[in-house]
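Worksheet: the structure to be examined is printed underneath.
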Amino acid sequence: MSKHSKKPTIGVCGGIGAGKSQVAAEFASAGCLVINSDEQNRAVLHEAAVKEQLRKWWGAGVIGVDGEIDRQSVARIVFADLEQKRRLESLVHPLIDQRRRAMIRAVDNNPAIKAIVLDSPLLFESNLDRECDAIVYVEATEAARLQRLHANRGWSVDELQQRESWQMPLGEKRRRADFVVDNNGPVAQLRPQVLDILKKIVSRFECP
């Protein structure tokens, strides 16, 4: 069991656009606490000290007209320069970690919560897999992922490939996973897969 939780911790991974958050939502519906790393990252970027630090590093151009961080401007900087990406991560990852641990502590004694689910695009790259008792890989073809990304974010195949070049190869992620969810079909096919996986994981931690 995860050293940071009394409940089983499940990591959700997969390619960009595979539908990890859809799978995480099914876990939430089944009684799990889902901690979304993107949401925690956005919350951290609202912090005044973080905004000021990024302004000092990269100039006023990273601050939008609303006074908040322009995430697209930051993305252009960090995905073009590995050192800047590491610089950003060294600032925000510890803050995200603090938030995550606080959320876990808040539900550790709540019997209604069956498990903790970490929905992170960089589960392995940020070593979050070390916090997990089981890893679920969300499988979807590149064509399916690209269709979703184009519809939701306007991405091209070049954008997808550039972003994924910074991540662990999908084959390695799949190899390291304990379970695979097929998300090439309709969303309705996710629930029975997720319920089956959750039942298997929770059963490992139930007292005899």
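Here the structure is a predicted model, which means the values were calculated and not measured. Reckoned from all heavy atoms, side chains included, excluding hydrogens, waters and symmetry mates.
Residue Glu125 comes nearest to Met168 through the heavy atom pair OE2-N, 2.6 Å, listed as atom of the first residue, atom of the second, then distance. Heavy-atom minimum distance, Asn36 versus Asp38: OD1-N, 2.9 Å. For Leu123 against Cys132, the heavy-atom pair with the smallest separation is CD1-SG, 4.3 Å. Residues Pro121 and Ser37 come closest through the heavy atom pair CD-CB, 4.3 Å. The minimum heavy-atom distance between Ala134 and Asp178, with the atom names listed, is CA-OD2, 3.3 Å.
Side-chain atoms of Lys7 come within 3.5 Å of backbone atoms of Asn110 as a donor-acceptor pair (strictly under, hydrogens ignored). Judged by distance alone, the side chain of Arg145 and the main-chain N or O of Ala18 form no donor-acceptor pair under 3.5 Å. For the pair Asn183 (side chain) and Val138 (backbone), a donor-acceptor distance under 3.5 Å is absent. Side-chain atoms of Asp133 come within 3.5 Å of backbone atoms of Thr9 as a donor-acceptor pair (strictly under, hydrogens ignored). Using a distance-only test at 3.5 Å, with no hydrogens or angles considered, a donor-acceptor pair links the side chain of Lys114 to the main chain of Ala30.
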Original post:
For Ser73 and Arg76, what are the C-alpha separation, side-chain angles and deciding distance, and is it a side-chain hydrogen bond (donor to acceptor under 3.5 Å, both in side chains)?
Top reply: CA-CA 5 Å; Ser73 293; Arg76 284 193 292 270; 3.2 Å; yes
Subject >> Pair Asp119-Ile35, side chain to side chain contact (heavy atoms under 4.5 Å, CB included): steps then yes or no >> reply: CA-CA 6 Å; Asp119 176 10; Ile35 303 177; over 6 Å; no
Original post:
Passes side chain to side chain contact (heavy atoms under 4.5 Å, CB included), Leu118 versus Arg100? Steps please.
Top reply: CA-CA 9 Å; Leu118 305 182; Arg100 181 174 59 253; 3.6 Å; yes
**OP:** List the steps and the verdict of side chain to side chain contact (heavy atoms under 4.5 Å, CB included) for Arg191 and Ser29.
**Re:** CA-CA 9 Å; Arg191 177 159 297 184; Ser29 296; 3.9 Å; yes
Original post:
Does the pair Asp182 and Asn184 meet the rule for a side-chain hydrogen bond (donor to acceptor under 3.5 Å, both in side chains), with working shown?
Top reply: CA-CA 6 Å; Asp182 182 354; Asn184 285 301; 3.1 Å; yes
Original post:
Would Leu54 and Leu45 satisfy side chain to side chain contact (heavy atoms under 4.5 Å, CB included), going step by step from the backbone distance to the final call?
Top reply: CA-CA 9 Å; Leu54 297 188; Leu45 291 178; 3.9 Å; yes
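Residues Gln167 and Leu122 have side chains in contact (heavy-atom distance under 4.5 Å, counting atoms from C-beta outward). At least one side-chain heavy atom of Ile201 sits less than 4.5 Å from a side-chain heavy atom of Phe179. Side-chain contact check for Ile69 versus Ile63: some heavy-atom pair is nearer than 4.5 Å. At least one side-chain heavy atom of Phe27 sits under 4.5 Å from a side-chain heavy atom of Val136. Between Tyr137 and Val181 the shortest side-chain heavy-atom distance does not fall below 4.5 Å. At least one side-chain heavy atom of Trp58 sits under 4.5 Å from a side-chain heavy atom of Leu88. Looking at heavy atoms from C-beta onward, Val12 lies in side-chain contact with Val117 at the 4.5 angstrom threshold. Lys51 has its side chain within reach of Glu68: a pair of non-hydrogen atoms, C-beta onward, lies under 4.5 Å apart.
Within 6.0 Å of atom CZ in Arg42, more than 12 heavy atoms from other residues, nucleotides or ligands are found, so the atom counts as buried in its surroundings. The neighbour count for Glu47 CD, taken as heavy atoms of other residues, nucleotides or ligands under 6.0 Å away, is above 12.
The pair Glu39-Arg99 fails the salt-bridge criterion, with no side-chain N (NZ, NE, NH1 or NH2) lying under 4.0 Å from an Asp/Glu carboxylate O. Taking 4.0 Å as the cut-off between side-chain N and carboxylate O, Asp97 and Arg101 count as a salt-bridged pair. Comment: Arg105 does not engage Asp108 in a salt bridge, judged by the lack of any side-chain N to carboxylate O separation of less than 4.0 angstrom. With respect to the salt-bridge test (charged N to carboxylate O, under 4.0 angstrom), the residues Arg176 and Glu172 qualify.
In this structure, CD in Glu142 is found 10.0 Å from CG in Leu149, a value given to the nearest 0.5 Å. To the nearest 0.5 Å, atoms OG1 (Thr141) and CG (Leu146) are separated by 9.5 Å. Remark: Arg71 CZ to Asn41 CG distance equals 5.5 Å, nearest 0.5 Å.
Here the options are Gln189, Lys199, Glu26, the test is side chain to side chain contact (heavy atoms under 4.5 Å, CB included), and the partner is Val194; only Glu26 passes. For the side chain to side chain donor-acceptor pair (under 3.5 Å) with Glu89, the qualifying choice from Arg86, His93, Lys85 is Lys85, the only one to do so.
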